[in-house]
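Down below is the structure, laid out as structure tokens.
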Amino acid sequence: MVKILVTDPLHEDAIKILEEVGDVEIATGLSKEELLEKVKDAEVLVVRSGTKVTREVIENAEKLKVIGRAGVGVDNIDLDAATEKGIIVVNAPDASSISVAELTMGLMLAAARNIPQATASLKRGEWDRKSFKGIELYGKTLGIVGLGRIGQQVAKRAQAFGMNIIAYDPYIPEEVANSLGIKLVDLNTLCKESDFITLHVPLTPKTKHMIGKEQINLMKKNAIIVNCARGGLIDEKALYEALKEKKIRAAALDVFEEEPPKDNPLLTLDNVIGTPHQGASTEEAQKSAGTIVAEQIKKVLKGEPAENVVNLPMLPPEKMSKIKPYMVLAEKLGNIIIQLLDKSVRKIEIVYAGELAKEKTDLIKRAFLKGLLSPILLAGINLVNAPVIAKNRNIKVVEGTLSESEYGNAIKVIAEGETDKVSITGTIANGKPMLCEINGYKVNFSPEGIFCVIKHIDRPGTIGRVCLTLGDYGINIAGMQVGRESPGGESIMLLDVDHVVPEEVVEKIKKLENIKDMKVINL
Ligand code: NAD
């Protein structure tokens with residue numbers, strides 16, 4: 001029988017599934033030495049977030065075939081080490097969506113009807129039937145920011161309450177939202193029109209403080225804001241001021257910028273209710289995290305395809321060393337493309353040129369899609385699931401080859417959004433990714449850190465004005481390049497900068513004479 005080692009507490013139903021395929025040994029609270037010893041002859045290792053599956057643990061495991069993570073994040077598992085040894089890692093990414101969606105509904109209702117405040121009053125021996133008058137959900141507009149797994153579950157439940165749903169998610173195709181009966185709008189419209197606003201986006205540099213003073217000022221006086229995603233999405237200082245001055249009605253928070261919150265003034269306000277990051281904390285979420293992963297392990301052991309594999313077995317080393325630099329390049333191209341387009345992608349055409357045209361390019365395509373999707377999705381995106389997620393998002397991927405190219409071995413990508421089209425070509429020079437073309441303009445640029453892509457008309461003084469504006473905000477320019485069609489025509493400026501470029505600066509530069517557009521790329 002297969003030896004299955006379980007080193008973190010796991011739901012009994014998950015254990016039952018595992019017992020159908022092997023001998024299960026449950027050994028929780030192991031020291032590092034004990035884990036190294038126990039894992040030696042295990043073929044399957046099942047963990048939650050407690051066990052650190054380090055490279056040392058993986059290298060010590062002589063027979064290990066599968067690692068199961070009962071939950072989403074795999075940051076406690078050394079994926080590279082597992083992949084190098086051909087060990088398949090599976091997880092359960094969808095286990096907590098319903099639980100989080102239900103808590104969101106719970107918090108919405110609790111805030112609308114002042115349930116926690118009324119309960120506290122009742123328990124103080126009061127019978128106050130006046131102070132806690134609430135509002136209904138029925139007929140109100142709910143604005144959902146982020147229409148992914150949890151956002152869509154919230155939408156379904158809110159529709160059952162008779163709410164009208166609008167959503168802001170620039171990466172979801174309109175027809176997907178329409179098929180769910182949801183109207184897509186921009187963030188400002190959502191803030192203006194919603195009676196309730198709920199956040200379901202990952203925390204990234206782009207989404208940090210996406211709800212700040214400016215957005216709150218657009219909201220209705222009776223608006224209720226719910227956050228069961230991540231604390232940093234809301235500027236808590238701005239939220240505090242607005243709630244204190246009753247510019248909006250209430251907030252219901254499961255997550256905070258600092259957890260556990262220390263002297264957070266929000267928690268002193270009567271119109272704030274909350275829970276201590278309880279979104280995924282249900283019996284069912286924990287049970288399904290276990291049972292989903294156990295089913296995945298069963299499939300892998302039977303040689304059937306599993307849906308939630310988070311890594312891929314490696315190619316032979318000589319093939320891999322050839323392909324690897326182009327995977328790094330492709331991931332960067334994906335990352336740049338989505339930031340240039342900044343909207344949902346409809347179609348991607350990837351053309352492999354030169355020697356690359358003869359290689360197996362599947363891993364390069366996967367790396368590109370990983371780069372494309374990771375700035376907009378959770379950390380769960382990886383080489384294995386990237387193509388499936390792209391397909392679910394209606395992104396059509398077409399591949400082609402070109403036996404000769406002026407850039408040698410190169411990858412050209414053409415991405416089509418709803419209205420825009422972006423093209424970009426990259427190659428490897430001295431072992432490093434280089435951009436050689438953006439939207440038809442020739443460049444020779446090493447894409448690293450933060451850089452600005454500015455479309456402009458080639459007129460004297462234009463570059464100077466951009467540089468001065470950046471300088472006014474203390475943003476240092478480390479390098480620069482200009483690509484142009486012809487003197488005096490449309491051109492592209494690439495500026496390598498040492499600091500984050502705030503949205504305010506971007507807006508200012510966009511308004512300068514002869515500037516057509518500006519995008520800040522953050523790699
Ligand atoms: P998901 O990846 O399925 O969906 C995220 C959605 O956000 C995607 O549709 C994406 O297109 C959209 N998005 C990304 N960037 C955006 C932007 N700048 N503007 C608007 N939309 C953007 O993720 P999910 O599983 O639905 O999880 C959503 C959030 O819930 C995550 O932040 C996650 O960490 C959080 N979460 C919280 C708990 C909890 O205990 N409270 C539990 C699980 C998940």
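What you see is a predicted model; the values in this text were computed from it and never measured. One-based numbering, in listed order, for ligands and for the atoms of each.
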Checklist entry - Where on I150 is there a heavy atom closer than 4.0 Å to ligand 1, on the side chain, on the backbone, on both, or on neither? => result both
Checklist entry - Backbone or side chain, does any N or O of G148 fall under 3.5 Å from an N or O of ligand 1? => result yes
Item to check | Residue part near ligand 1, for K206, under 4.0 Å between non-hydrogen atoms | outcome: neither
Checklist entry - I292 versus N308: any side-chain heavy-atom pair under 4.5 Å? => result yes
Checklist entry - Has ligand 1 got any nitrogen or oxygen that is less than 3.5 angstrom from a nitrogen or oxygen of L203? => result no
Next on the checklist: Any heavy-atom pair between the side chains of L494 and C452 that's under 4.5 Å?
Outcome noted: no
Checklist entry - Does ligand 1 have a heavy atom under 4.0 Å from the side chain of L147, from its backbone, from both, or from neither? => result backbone
Checklist entry - Roughly how far, to the nearest 0.5 Å, is OG of S374 from CG of N335? => result 5.0 Å
Item to check | Any P170 heavy atom less than 4.0 Å from ligand 1 | outcome: yes
Checklist entry - Could you state the interatomic distance from CG (L372) to CD1 (I389), rounded to the nearest 0.5 Å? => result 11.5 Å
Checklist entry - Is R393 in polar range of ligand 1, meaning some N or O pair under 3.5 Å apart? => result yes
Item to check | I166 vs L142 side-chain heavy atoms within contact, under 4.5 Å | outcome: no
Checklist entry - Can you tell if the side chain of L266 reaches within under 4.5 Å of the side chain of L243, non-hydrogen atoms only? => result yes
Checklist entry - Numbering the atoms of ligand 1 from 1, which are under 4.0 Å from a heavy atom of G146? => result 7 (O), 21 (N)
Checklist outcome for this item: Counting heavy atoms under 4.0 Å, the part of T207 that contacts ligand 1 is side chain
Checklist entry - When you measure from atom 5 (C) of ligand 1 to each heavy atom in H200, Q278, M210, which option holds the nearest one? => result H200
Item to check | Distance filter under 4.0 Å to V100 heavy atoms, resulting ligand 1 atoms | outcome: 38 (C), 42 (C), 43 (C)
Next on the checklist: Just verifying a value: how many Å separate E416 CD and S423 OG, rounded to the nearest 0.5 Å?
Outcome noted: 11.0 Å
Item to check | Among N392, V201, I144, I389, closest by any non-hydrogen atom to atom 21 (N) of ligand 1 | outcome: V201
Item to check | Numbered atoms and elements of ligand 1 in range of A280, under 4.0 angstrom, heavy atoms | outcome: 40 (O)
Next on the checklist: So E331 and R366, do their side chains get closer than 4.5 Å, heavy atoms only?
Outcome noted: no
Checklist entry - Any nitrogen or oxygen of S97, main chain or side chain, under 3.5 Å from a nitrogen or oxygen of ligand 1? => result no
Item to check | Check: I87 main-chain N/O paired with N311 side-chain donor or acceptor under 3.5 Å | outcome: yes
Next on the checklist: Below a 4.0 angstrom heavy-atom separation, can you tell me which part of D254, side chain or backbone, both or neither, approaches ligand 1?
Outcome noted: side chain
Next on the checklist: Which of the numbered atoms in ligand 1 are under 4.0 angstrom from any heavy atom belonging to H277?
Outcome noted: 39 (C), 40 (O), 41 (N)
Checklist entry - Going by heavy atoms in the side chains, are F451 and L495 under 4.5 Å from each other? => result no
